[in-house]
Number of protein chains: 2
Amino acid sequence: MVAITTATARVSAHSPSAGLLAQRVLATPLVDRIQPAGTRRSFAKGEELFAEGEAADFFYKVVSGTVRVCKLLSDGRRQIEAFQLPGEIFGLESGMEHRFTAEAVEDTVVVAFRRGRFASLMHENPAFSDQLMSSVIQSLERAQEHMVLLGRKTAQEKIATFLLDMSRRLSRGDQVELPMQRTDIADHLGLTIETVSRTLSQMVRDGLIKLAAAGRTIVISNKGGLQALNG
Amino acid sequence: MVAITTATARVSAHSPSAGLLAQRVLATPLVDRIQPAGTRRSFAKGEELFAEGEAADFFYKVVSGTVRVCKLLSDGRRQIEAFQLPGEIFGLESGMEHRFTAEAVEDTVVVAFRRGRFASLMHENPAFSDQLMSSVIQSLERAQEHMVLLGRKTAQEKIATFLLDMSRRLSRGDQVELPMQRTDIADHLGLTIETVSRTLSQMVRDGLIKLAAAGRTIVISNKGGLQALNG
DNA sequence: CGCTCTCTTGAGCCCGCTCAACGACAGTGG
DNA sequence: CCACTGTCGTTGAGCGGGCTCAAGAGAGCG
């Protein structure tokens, strides 16, 4: 592992004045080259990666599958902050404990990085530090975009935004295979499951989308129409 | 400025194995000792620090006053992501442009840090890098907490949470001097100005709070009662 | 085939929004 | 000094989008 660290450090030393946050993603993410430093772990659908309040010894990167990151209120109301798709990093904390719960939406593989070990690695390897920083800032930007949705968009706009976002992030063509069920979508968008279902049905009637495979597959038939709705 | 940089780097080199994100705030924030590297700037109430889409050449730290960070939808609907109070850092981006607008809620003084200059500073000075990282992660945690509020809390709970948060962040005792007007509170909590006003009035009737100074000063007379409401 | 889990659809209600008026100040100018 | 004006906060009346409660429809699986 030391060898890997030095190698990547040498690479970054040669990169010409790598500006912090200047480029969003480097050609080959360092976090991948350093991957051996992390532990590969698998989780079955529905399994919990960690819970709110647990010690935050690790942070994670999704290899395959989907993770939902959520918070609960005392009476069980739930807010899903984000769905983490392959390539995305989550679980970094400023304190000692996790501030939210992470669960596998479907069968999922992640790489777990020990937090303490990465402190020194970050210091020795500026380029790696930049990437981690960039990743956290992107999470923040996504959170900010989502706050607009939660606070100011109508049900129709929320669904439209969600579908376009999912389409962009995991589609092959204009077909989207949703990994999560309606309850998850509802808790992500600040709606009820019934409103999600009704809104999707209405979009089918309006010719914006088509539903298949028990509602899990969505074909976007009028992308422009959806975009006009997304606020 | 070069002298200052080296000085702070030397200090951090002596700090014993400062673990990344291990402690939330160091005794003397480095960003303050390096403050000379930033430019002090003043903004009048209502003035814009930067707008969505502008080049993100600087990031900022609040010295005094209050900044609102917000996003607009095409039809004018607004979501205030956060109110930045003295000591807080904002305006860091992963891309080249600002993704949101920042405006002074009241007369405000900030320190503006040139982004490019801090890339090298971060690399030379791990402790500074840690602090910046910690600050961004804390913004993310706050955003996540706020998403629960926006997506899953009732008007009453939103107001209760807001008042307790403001009280914690800027109160002397149980009296809170709100720097922002009702429109800002509404756009922060995903409500209308009328609902904010009505809910506050109801809380006065319920003996939870007292209002003074044209509604800008709030005395929390039953903190437990408010806490029971905050979800 | 029956059981369970998920999604859909319907009927009715309520919380928060819309529209509108009024009140409380502060600043300004005659 | 007071009338005029603009900004901000409060209050009322009524509406409607999304929620609640309830039942039905598919799909997967033993």
Side-chain angles (χ1 to χ4, degrees), chain A residues 44-46 68 73 75-79 105-107 149-160 162-163 176-206 209-218 229 231, chain B residues 44-46 68 73 75-79 105-107 149-160 162-163 176-206 209-218 229 231:
Chain A
K45 176 177 176 177
R68 64 171 172 256
L73 293 179
D75 62 355
R77 278 174 288 175
R78 186 177 68 155
Q79 176 64 43
V105 170
E106 53 185 335
D107 292 349
L149 177 147
L150 291 172
R152 287 300 181 218
K153 290 191 182 179
T154 65
Q156 221 184 8
E157 291 168 340
K158 286 176 177 182
I159 298 281
F162 174 72
L163 291 179
V176 189
E177 289 280 342
L178 294 179
M180 73 294 285
Q181 57 188 45
R182 298 290 186 265
T183 309
D184 291 331
I185 300 177
D187 285 346
H188 184 48
L189 302 181
L191 297 171
T192 58
I193 172 178
E194 294 94 331
T195 299
V196 171
S197 185
R198 268 188 265 269
T199 306
L200 286 171
S201 298
Q202 186 57 48
M203 285 180 170
V204 171
R205 265 173 255 131
D206 295 347
I209 59 173
K210 291 189 184 69
L211 291 179
R216 286 303 184 88
T217 299
I218 294 186
L229 280 181
Chain B
K45 176 179 177 173
R68 63 171 173 256
L73 293 178
D75 62 356
R77 279 174 287 175
R78 185 176 69 154
Q79 176 64 42
V105 169
E106 53 186 334
D107 291 351
L149 178 148
L150 291 172
R152 286 299 179 220
K153 290 191 182 180
T154 65
Q156 222 186 7
E157 293 168 340
K158 287 177 176 182
I159 298 282
F162 174 73
L163 291 180
V176 189
E177 290 280 342
L178 294 178
M180 74 294 286
Q181 58 189 43
R182 297 292 186 262
T183 309
D184 290 330
I185 300 177
D187 284 347
H188 184 48
L189 302 181
L191 297 171
T192 58
I193 171 179
E194 294 94 332
T195 298
V196 171
S197 185
R198 268 188 265 271
T199 305
L200 286 172
S201 298
Q202 186 58 47
M203 286 180 169
V204 171
R205 265 174 255 131
D206 294 346
I209 60 173
K210 291 191 184 69
L211 291 178
R216 287 304 184 89
T217 299
I218 293 185
L229 279 181

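Everything numeric here is computed off the predicted structure, so don't read it as measured data. So that the names make sense, note that chain A is the first sequence line, chain B the second, and so on, each numbered from 1. Values below: every heavy atom of this structure, side chains too, minus hydrogens, waters and symmetry copies.
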Heavy-atom check, side chain of B/R78 versus side chain of B/D184, under 4.5 Å:
yes
Which residues in residues 180-188 of chain A have at least one heavy atom lying under 4.0 Å from any atom of DNA chain D?
none
Does the A/S197 side chain pair with the main chain of A/I193, one donor and one acceptor, at a distance under 3.5 Å?
no
To the nearest 0.5 Å, what is the distance between CG on B/L73 and CD on B/Q79?
9.0 Å
State, with a plain yes or no, whether a side-chain heavy atom of A/I159 is found less than 4.5 Å away from one of A/L191.
yes
Return yes if some donor-acceptor pair links the side-chain N/O of A/R68 with the main-chain N/O of A/V105 below 3.5 Å, else return no.
no
Are any non-hydrogen side-chain atoms of B/Q181 and B/R216 less than 4.5 angstrom apart?
yes
Quickly work out the A/L200 CG to C/dT6 P distance and round it to whole Å.
17 Å
Tell me if a side-chain donor or acceptor on B/D107 pairs with a main-chain N or O of B/A44 at a distance below 3.5 Å.
no
Let me confirm one number: the CZ-CD1 distance from A/R182 to A/I185, rounded to the nearest 0.5 Å.
5.0 Å
Measure from CD1 on A/I218 to P on C/dT6 and round the result to the nearest Å.
17 Å
Write out a two-atom table: protein N or O, nucleotide N or O from nucleotides 13-22 of chain C, distance below 3.5 Å.
from, atom 1, to, atom 2, distance (Å)
C/dG16, OP1, B/A155, N, 2.8
C/dC17, OP2, B/T192, N, 3.3
C/dC17, OP2, B/T192, OG1, 3.1
C/dC17, OP2, B/T195, OG1, 2.5
C/dT18, O4, B/R198, NH2, 2.9
C/dC19, N4, B/E194, OE2, 3.0

Regarding B/S201, tell me which of base, sugar-phosphate or nothing describes its non-hydrogen contacts under 4.0 Å with the strands shown.
sugar-phosphate
What one should report as the nearest heavy-atom pair of A/G151 and B/L150 is CA-CD2, 4.1 Å
Could you list where the contact with chain B starts and ends along DNA chain D, reading 5' to 3', using a 4.0 Å heavy-atom cut-off?
D/dC8 to D/dA13
Considering every strand and a 4.0 Å limit on heavy-atom distances, what is the contact class for A/L211: base, sugar-phosphate, or nothing?
sugar-phosphate
